[in-house]
Amino acid sequence: MVAGELVQEHTRAESTGAPDDVGTITGGKAAHELRSGPLVPIDKLDQYTVLESGDEAVNLLKALNSRASEQEIPPDEREAMLPKGGGVGGEEENVKKENKCLETKLYWRRFGVLAIFSLYSLVNSFQWIQYSIIANVFCDYYGVSSSQVDWLSIVYMVAYIPLIFPATWLLDKKGLKLTALMGAGLNCLGAWVKCASVSRDLFGVTMFAQVICSLAQVFILGLPSRIASVWFGPKEVSTACATAVLGNQLGTAIGFLLPPVLVPNTSGDFELMGHNIKVMFYGTAIIASVLFILTVIIFKDRPEMPPSYAQAVLPGSPPEDYSYKQSIINLFQNKAFLLLLVSYGIMTGSFYSVSTLLNQMIMACYESQELNAGRIGLTLVVAGMVGSIICGLWLDYTKTYKMTTLAVYILSFLGMVIFTFTLDLKNIYLVFFTAGVLGFFMTGYLPLGFEFGVEITYPESEGTSSGLLNAFAQIFGIIFTLIQGQLTTAYNPLAGNLFLCAWIFLGILLTALIKSELKRNNVNMEAEGKQPLPTGCSVEGSKAEMTTATKLENSISFSHETSV
């Protein structure tokens, strides 16, 4: 139909006295009949009619077909798509600008951005867990209760909830680099303040330092999906997101491993204990300072050219009428995203709770096993790192977001059940194995939730959707940690773990209800011509000749849905 309408328009221009509303085009057996021959209704035009018109008609059709996609757009919609300015010349210039904007390119710098972010995210995560895994040592050194030491971890979750909205607003309005600098800078500052807290009467100072580090986390946790989308191509975006999350997980793993080694339990020798704590704090501060400097040098808001068509069709900066409030409203009106918010919060909150209370659970079942408690935590997270990478590669290969997310959720539930009922069997090696199984699926779920959220909320900001997911994770993390901690103290670890099992089962049901609509993936696939487009063309093969701009416009309507 597109080609027929263009020939009709050309005929009108050539034929004098033809009425404006003629719904036909010329056709015939000779080429000259295209202008002077009998009229043929447009709805009866097909490729055979065109071929019968001769070579001249075919050439004319090809010439006009180069502008088919532009003519297909209604005038009012076309004007809305173009910048201010009119006339044929202005329109052609706009088309050139649009084609230039739709060019994509991958830069080597993306690996530097990803590496630096992953490393300073690692340091921030290390600072989160470094107290909890040797909670008994810090209780002894500062003369405080275990619940007070638990708050050194919980404060990360508490700070995130009210500050996520200004943090995601900053990311949307000011860009990636400033947000990254805020995260790396606060992380560095908090590490140096900890160095000044190494004295038995300065627990308040170390708490203040931990608050600063928790502020840094607000500007860190929401960046993996943004970095992956802005810097990486469609065939590597999920793997890049998983790698960015991997840095945070690796920091947790090192936080389980190093503190028991660097700060052993030298009960009674507080001078040696303080020296060991100081070594750990100063080493962290130096590394955080180097990473802050590298962030200043390496980070950029975005590459010069977008890495994918999904990014190409989005504006490089927020438009003047952009409303952060409206973006939040849009996300909360998305039923699929609301289900994901709760299910992601349950799973990630459970992981936070298990990580925070792991030392207490192990010590309740196995005496004098501080070092093994750290090693079990390391096993938990390292197995999850492997799971994250495998899940990221799987998503890039299959794009089966809901099926993968649901499968990992179910396996995490089974892993939690196994860990719960084998923890107190007096076999420490069995705990290593069950913790590894639990970590592989539970920690491997984290990047899945990020990427699934981006897919079902596109073209809303990745930082905003990821930030809300993390906010709900922190809310559930606080609730689960406090309740599980009380159950573990008042009864035993079994009671606390059963509490988490019940909630994870609820998360499975909520995940099953999510409607999988892969909006971002549809844009990239349709732009590459890998999915049929809902066009009105009656001439076969015209889809291959349509311009990329038209394909993207059709795909933005999100008429395609991929459900599992």
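What you see below is based on every heavy atom in this structure, not just the backbone, and it leaves out hydrogens, waters and symmetry mates. All values derive from a computational prediction rather than experimental measurement. Numbers for residues simply follow the sequence, beginning at 1.
More than 12 heavy-atom neighbours from other residues, nucleotides or ligands sit within 6.0 angstrom of NZ on Lys300. Taking a 6.0 Å sphere around CZ of Phe111, one finds it holds more than 12 heavy atoms contributed by other residues, nucleotides or ligands. At most 12 heavy atoms of other shown residues, nucleotides or ligands fall within 6.0 angstrom of atom CZ in Phe208.
Ser388 and Gln249 share a donor-acceptor pair across their side chains, judged by distance under 3.5 Å alone.
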For a quick test of your reading: what N or O donor-acceptor pairs under 3.5 Å do the side chains of residues 405-419 make, sequence neighbours left out?
unit_1: Thr405; atom_1: OG1; unit_2: Tyr401; atom_2: O; d: 2.7
unit_1: Tyr409; atom_1: OH; unit_2: Ser343; atom_2: O; d: 2.6
unit_1: Ser412; atom_1: OG; unit_2: Val408; atom_2: O; d: 2.8
unit_1: Ser412; atom_1: OG; unit_2: Phe441; atom_2: O; d: 3.2
unit_1: Ser412; atom_1: OG; unit_2: Met442; atom_2: N; d: 3.3

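Between Leu223 and Leu171, some side-chain heavy-atom pair lies under the 4.5 Å cut-off. The closest side-chain heavy-atom distance from Phe432 to Leu378 is not below 4.5 Å. Here the side chains of Gln210 and Tyr131 are in contact, with some heavy-atom distance below 4.5 Å. Contact annotation: the side chain of Ile389 approaches that of Thr243 to within less than 4.5 Å [non-hydrogen atoms, C-beta and beyond]. For the pair Val198 and Thr206, the minimum side-chain heavy-atom distance is 4.5 Å or more.
From Met157, atom CE reaches atom OH of Tyr352 across 7.5 Å, with rounding to the nearest 0.5 Å. Of the inter-residue distances, the one linking Gln127 atom CD with Thr252 atom OG1 reads 12.0 Å to the nearest 0.5 angstrom.
Residue Leu423 comes nearest to Met361 through the heavy atom pair CD2-CB, 4.2 Å, listed as atom of the first residue, atom of the second, then distance.
Scored by the side chain to side chain donor-acceptor pair (under 3.5 Å) test, Trp503 finds no partners at all (sequence neighbours excluded). By the side chain to side chain donor-acceptor pair (under 3.5 Å) test, Thr266 pairs with no residue at all, sequence neighbours left out. Residues satisfying the side chain to side chain donor-acceptor pair (under 3.5 Å) criterion with Ser147, sequence neighbours excluded, are Ser145. For the side chain to side chain donor-acceptor pair (under 3.5 Å) test, residues two or more places apart in sequence or in another chain that qualify with Ser199 are Asp201. Not counting sequence neighbours, the partners of Phe203 by the ring-ring contact (aromatic ring centres under 6.0 Å, His included) test are Tyr142.
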Using the side chain to side chain donor-acceptor pair (under 3.5 Å) rule, take Thr488 and Gln360 through it: C-alpha gap first, then chi angles, then the decisive distance, then the call. CA-CA 8 Å; Thr488 300; Gln360 297 180 34; over 6 Å; no
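Using a 30° and 60° split on the angle between ring planes, Trp192 and Tyr282 fall in the perpendicular class, above 60°.
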